[in-house]
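Heads up: the structure comes next, in structure tokens.
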Amino acid sequence: MALSTRLASPLRPALAALCRAAPGQRRGLSTPPGPEPTLDLGGIFPPLATPFSALQEVDYAQLEANLRRYASIPFRGEPPALCAAPSRALRGGGQPLGYLPHVSGLVVLGSTGEYPYLAPRERLEVLSCVRRALPRDRLLLAGSGCECECGEHREHRGDVPTGPTQATVELTVSMAEAGADAALVVTPCYYRGAMSSAALVRHYTEVSRARCPPAALPGAAGLGTGPPRVPVLPAALPGCPQVAEASPIPVVLYSVPANTGLELPLEAVLTLAQHPNVIGIKDSGGDITRLGLIVHKTRQEDFQVLAGSAGFLLASYAVGASGGVCALANVLGAPLCQLERLCRQGCWQEARELQHRLIEPNAAVTHRFGIPGLKRAMEWFGYYGGPCRAPLAPLSPAQVEELRGAFSSTGWL
């Protein structure tokens, strides 16, 4: 894919050099080679919460139980024939007669999944568990961004130096082997003052490059149930010859400034959108002007924009977003799918009414009470929430009542 001439940017020469080192066409998993195939990110993706036991161990039985509940929501159903007022049609997260919501897949190991608090082996086991339970026609996006190297990979390499970029590449490969269809890669942020557009472009481009076969990755064998993939690792690792082939899974950029203190610069996004294996961005910043500009500036690229919160989902669709990765979908998945349908059909009055009812509960389970609030709300809607890992603390009784009020005042409880 040729670099666009419309971007007059000093980043273009660097990206061009990196892309020449990793030629190839983007392809979706299980898709035969062809002219510009892509992975469709349209629709709603619930970012799964990771269930823990009272001892703060990952509770895989409860994870499977939650997945069975999510599986009861039909995927990519036919839209309703007419726009219907959602305030009357939806109560308590249910779905109206004849309505089939449009959930495109699941996200694991994102911010909602307490990803930073999981050990590397736990991350792969959680992903493998979800992949086994998820039908192959449903997409699975997995968070693979690293701030430091993974323990298993450090032991395998011995004294070979590494860092966040290398660790992210290795974990992305492992997740491809475990069954991920795409990697959701958060910005490295510890040295945020040094994370210039050029540094971030290089980081993401390295993650998207082609390298070597799965046998080079420790612990990859036996994970996942999908068809074999061809993972990649950097040439710095022993026994990893370069191959002129696209990365095994596409990369989705992830900008979440509330958690990282770093917004992926617009210039970097527009440059990376031209990379053949970067297919989109999940943007959780809530700046609709920025989202609209990204959609507009990447309209000639094979690049999709995902809203990172249900609070601005309608506005995101209005400026051309493809879908949303919304924590609130863990408890109100059907209403969010209904909102997506209404927006796509142009039923803006009904969509606006439904969006208004979602703003307060969304704020409660995100920036107001966070993951502890989301997990408590999950219990009210028939899912297992359970405790968070320390240092995330449970809600106080007063906070629980405030949380309940956010849902009851808008008619969901």
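Start at 1 with the first residue, then count along the sequence.
Listed by first then second residue, pairs satisfying salt bridge (Lys or Arg N to Asp or Glu O under 4.0 Å) with a partner in residues 254-265 read E263-R290, not counting sequence neighbours. Applying the salt bridge (Lys or Arg N to Asp or Glu O under 4.0 Å) test to every pair with at least one member in residues 382-400, sequence neighbours left out, gives these pairs: E122-R389. The list of salt bridge (Lys or Arg N to Asp or Glu O under 4.0 Å) pairs with a residue in residues 105-118, not counting sequence neighbours, reads E114-K375. Screening residues 48-59 for side-chain hydrogen bond (donor to acceptor under 3.5 Å, both in side chains) gives no qualifying pairs among residues at least two apart or on separate chains. For residues 304-320, there are no salt bridge (Lys or Arg N to Asp or Glu O under 4.0 Å) pairs, not counting sequence neighbours. Applying the side-chain hydrogen bond (donor to acceptor under 3.5 Å, both in side chains) test to every pair with at least one member in residues 320-336, sequence neighbours left out, gives these pairs: Y70-N330.
Distance check, rounded to the nearest 0.5 Å: CD1 of I44 to CD of Q338 gives 11.5 Å. With values rounded to the nearest 0.5 angstrom, C129 atom SG is found 13.0 Å from L124 atom CG. Note: F312 CZ to Q355 CD = 10.0 Å, rounded to the nearest 0.5 Å. Distance check, rounded to the nearest 0.5 Å: CD of E147 to OG1 of T187 gives 8.0 Å. Atom-to-atom distance recorded for C326:SG and L358:CG is 9.5 Å, nearest 0.5 angstrom. From N362, atom CG reaches atom CZ of R357 across 14.0 Å, with rounding to the nearest 0.5 Å.
Looking at heavy atoms from C-beta onward, R136 lies in side-chain contact with D181 at the 4.5 angstrom threshold. Counting heavy atoms from C-beta outward, Y204 and L264 have side chains that approach closer than 4.5 Å. Between L67 and L134 there is no side-chain heavy-atom pair separated by less than 4.5 Å. Using a 4.5 Å heavy-atom threshold, the side chains of W412 and P335 count as touching. Side-chain contact between V305 and S316: absent, with no pair of heavy atoms (C-beta onward) separated by less than 4.5 Å. You'll find the side chain of L48 stays beyond 4.5 Å of the side chain of T112, heavy atoms only. You'll find the side chain of K282 stays beyond 4.5 Å of the side chain of V107, heavy atoms only. Side chains of V331 and W380 form no contact here, defined as non-hydrogen atoms less than 4.5 Å apart.
The salt bridge (charged side-chain N to carboxylate O under 4.0 Å, His left out) search around R404 returns none, not counting sequence neighbours. Residues meeting the side-chain hydrogen bond (donor to acceptor under 3.5 Å, both in side chains) test with D287, sequence neighbours left out: none. Legend: residues meeting side-chain hydrogen bond (donor to acceptor under 3.5 Å, both in side chains) with E64, ordered by chain and number and at least two apart, are absent. Y60 is linked by a side-chain hydrogen bond (donor to acceptor under 3.5 Å, both in side chains) to E125, counting only residues two or more places apart in sequence or in another chain. Qualifying salt bridge (charged side-chain N to carboxylate O under 4.0 Å, His left out) partners for R368, counting only residues two or more places apart in sequence or in other chains: E402. A search for ring-ring contact (aromatic ring centres under 6.0 Å, His included) contacts involving Y317 returns nothing, not counting sequence neighbours.
Between C388 and I371 the shortest heavy-atom distance is SG-CG2, 3.7 Å. L306 and G324 make their closest contact through CD2-N, 4.1 Å (heavy atoms, listed as atom of the first residue, atom of the second, distance). Heavy atoms only, all atoms of each residue included: T168 and C146 are closest at OG1-N, 3.0 Å. Of all the heavy atoms in P188 and L262, the pair that sits closest is O-CD2, 3.4 Å. Scanning both residues, T366 and A327, for their nearest heavy atoms gives CG2-CB, 4.4 Å. A pairwise comparison of heavy atoms in T172 and S144 identifies OG1-OG, 2.8 Å as the closest pair.
Using modelled atom types, one side-chain atom of S409 and one backbone atom of G405 make a donor-acceptor pair closer than 3.5 Å. A donor-acceptor contact shorter than 3.5 Å links the side chain of R299 to the backbone of H296. Formation of a donor-acceptor pair under 3.5 Å by the Q62 side chain with backbone atoms of Y384 is not found in this model. For E379 (side chain) and G385 (main-chain N/O), a donor-acceptor pair under 3.5 Å exists by modelled atom type. Of the possible donor and acceptor atoms, none in the side chain of Y254 sits under 3.5 Å from a partner among the backbone N and O of A183. Between the side chain of R192 and the backbone N or O of T260, at least one donor-acceptor pair lies under 3.5 Å. With Q399 contributing its side chain and G373 its backbone, the two residues share no donor-acceptor pair below 3.5 Å. In this structure, Y115 contributes its side chain and G145 its backbone to a donor-acceptor pair below 3.5 Å.
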The test is side chain to side chain contact (heavy atoms under 4.5 Å, CB included); show your working for L266 and K297 and say whether it passes. CA-CA 10 Å; L266 178 63; K297 291 289 188 179; 6.0 Å; no
Step by step, work out the side chain to side chain contact (heavy atoms under 4.5 Å, CB included) result for L270 and T298. CA-CA 7 Å; L270 300 183; T298 61; 3.8 Å; yes
Start with the C-alpha distance between M175 and R123, add both sets of side-chain angles, then the distance that settles side chain to side chain contact (heavy atoms under 4.5 Å, CB included), and finish with yes or no. CA-CA 9 Å; M175 292 192 170; R123 298 171 189 173; 4.1 Å; yes
Is there a side chain to side chain contact (heavy atoms under 4.5 Å, CB included) between V252 and I279? Walk through the geometry before answering. CA-CA 6 Å; V252 177; I279 65 167; 4.0 Å; yes
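For the residue pair R352/Q349, the side-chain donor-acceptor check at 3.5 Å is satisfied.
Of the candidates L313, L314, L354, L314 is the only one forming a side-chain contact (heavy atoms from CB on, under 4.5 Å) with C343.
Residues R344 and E340 are paired through a salt bridge, judged by an N-O separation under 4.0 Å between the basic side chain and the carboxylate.
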